[in-house]
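Sequence lines set the chain letters: A, B, ... in the order given, protein chains first and strands last, and positions in each chain run from 1.
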Number of protein chains: 2
Amino acid sequence: MIVKQQHRTAQREAILAFLDGNKTHPSVGEIYDAVSKQLTTISLATVYNTLLLLKKQGLIRELPAAGRLGTRFDPDVTPHDHLICSECGTVVDIKLSGNVEVPEERRQGFDINEMSVNIYGLCLLCK
Amino acid sequence: MIVKQQHRTAQREAILAFLDGNKTHPSVGEIYDAVSKQLTTISLATVYNTLLLLKKQGLIRELPAAGRLGTRFDPDVTPHDHLICSECGTVVDIKLSGNVEVPEERRQGFDINEMSVNIYGLCLLCK
DNA sequence: TTGCTTGCAAAGCATTTGCAAGAGC
DNA sequence: GCTCTTGCAAATGCTTTGCAAGCAA
């Protein structure tokens with residue numbers, strides 16, 4: 001995928017800095033709140049823009065969410081899976097032993113980019 | 001999970017009938033459009049209500065979606081996985097050989113309800 | 001009758017878009 | 001200077017909610 005944009009801006013740096021090493025899988029709102037403390041005039045639209053850009057650049061992953069739970073972002077792009085609380089939306093990393101294989105003959109013409117194993121349940125606090 | 005509601009209504013029957021055996025993983029809007037042809041006065045809120053109810057009853061599954069792709073529903077509740085087109089949102093069933101195992105010691109206190117393997121890519125038409 | 005259900009309209013959020021001003025290279 | 005970026009505000013779109021009327025049991 002070709003990504004032309006690559007200017008080094010304070011907004012982009014701040015978002016990257018906040019995400020770097022972050023294991024909390026923050027939502028867009030959480031990222032906006034955190035970054036706003038430094039860049040008080042940053043707009044939500046810029047956060048959306050930047051997250052989309054970083055995703056296209058392969059620097060972060062967007063996590064699929066069901067129902068009312070908003071979408072979240074993960075700066076860890078190495079293969080791993082997620083435990084997701086259906087109640088509060090908390091996401092916790094989990095590493096499953098083997099990686100799932102998708103044999104060519106089952107791909108039904110799809111060009112596969114990425115895959116994720118989502119495990120839904122109730123977290124300790126929500127039980 | 002306790003689900004008290006269980007009245008047999010025309011709306012509920014129509015939605016169930018539309019979903020029964022349906023392999024297209026329809027969105028709420030698509031379900032509403034289809035059912036509206038028979039029950040012309042059904043409201044979108046009722047469709048949402050009913051889908052939530054059917055989900056609680058375990059009769060259907062809600063598929064997690066990333067980004068702009070809206071959430072979809074699957075009447076097939078037997079274990080299987082999905083190929084999802086990141087471009088148009090099309091969802092196609094795929095059966096992966098083994099089921100993923102989640103060892104007790106890795107569950108981090110979660111009560112696991114269900115899991116799904118989502119495989120993202122571009123479908124034949126979108127390439 | 002009683003309580004679950006429906007339809008309608010309004011409210012709530014999350015996300016996207018258009019555009020003019022500003023910043024990086 | 002040219003293009004990418006940003007901020008703002010408005011516009012979308014999806015989903016939920018409140019409530020009175022309706023219907024199943």
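Between the C1' atom of dC4(C) and the CG atom of Leu52(B) lies a distance of 14 Å, rounded to the nearest Å. Remark: C1' of dA24(D) and NE2 of His7(B) are 5 Å apart, rounded to the nearest angstrom. Atom CD in Glu30(A) sits roughly 11 Å away from atom P in dA14(C) (whole-Å rounding). Note: OH (Tyr32(B)) to C1' (dC14(D)) measures 14 Å, nearest angstrom. One atom, CD of Gln11(A), and another, P of dC4(D), lie 17 Å apart when rounded to the nearest Å. Nucleotide dA14(C) holds its P atom 11 Å from the CG atom of Asp33(A), rounded to whole Å. Leu54(A) places its CG atom 17 Å from the P atom of dC4(D), with the value rounded to the nearest Å. Distance CD1 (Ile31(A)) to P (dT15(C)): 11 Å, rounded to an integer number of Å.
Looking only at distances, no side-chain donor or acceptor of Gln38(B) sits under 3.5 Å from a matching main-chain atom of Val35(B).
When each of Val28(B) and Thr41(A) is assigned the nucleotide of DNA chain D bearing its nearest heavy atom, the one mapping closer to the 5' terminus is Thr41(A). Residue whose closest nucleotide on DNA chain C sits further toward the 5' end, between Asn49(B) and Arg8(A): Asn49(B).
Note on Ser43(B): every side-chain N or O is 4.0 Å or more away from OP1 and OP2 of dT6(C). Between dT6(C) and Arg12(B), a contact under 4.0 Å exists linking OP1 or OP2 to a side-chain N or O. Here Gln6(B) does not reach the OP1 or OP2 of dT5(C): none of its side-chain N or O atoms lies under 4.0 Å away. Phosphate contact (OP1/OP2 of dT16(C), side-chain N/O of Tyr48(A), threshold under 4.0 Å): absent. Proximity of Thr9(A) to the phosphate of dT6(D): a side-chain N or O atom is located under 4.0 Å from OP1 or OP2.
When heavy atoms are screened at a 4.0 angstrom cut-off, Ile42(A) is found touching the sugar-phosphate backbone but no base atom.
Distance from the side chain of Ala45(B) is smallest to dT17(D) among dT17(D), dT6(D), dG3(C). Among dT15(C), dC25(C), dT15(D), the nucleotide with an atom closest to any side-chain atom of Leu44(A) is dT15(C).
Judged purely by distance below 3.5 Å, without hydrogens or angles, the side chains of Glu62(B) and Thr71(B) pair a donor atom with an acceptor atom.
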inquiry  = Test side chain to side chain contact (heavy atoms under 4.5 Å, CB included) on Leu44(B) and Val28(B); report intermediate values, then the result.
reply    = CA-CA 8 Å; Leu44(B) 197 46; Val28(B) 177; 4.0 Å; yes
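Between atom CG of residue Asp74(A) and atom OG1 of residue Thr24(A) there is a gap of 9.0 Å, rounded to the nearest 0.5 Å.
Salt bridge status for Asp76(B) with Lys23(B): present, with a side-chain N to carboxylate O gap under 4.0 Å.
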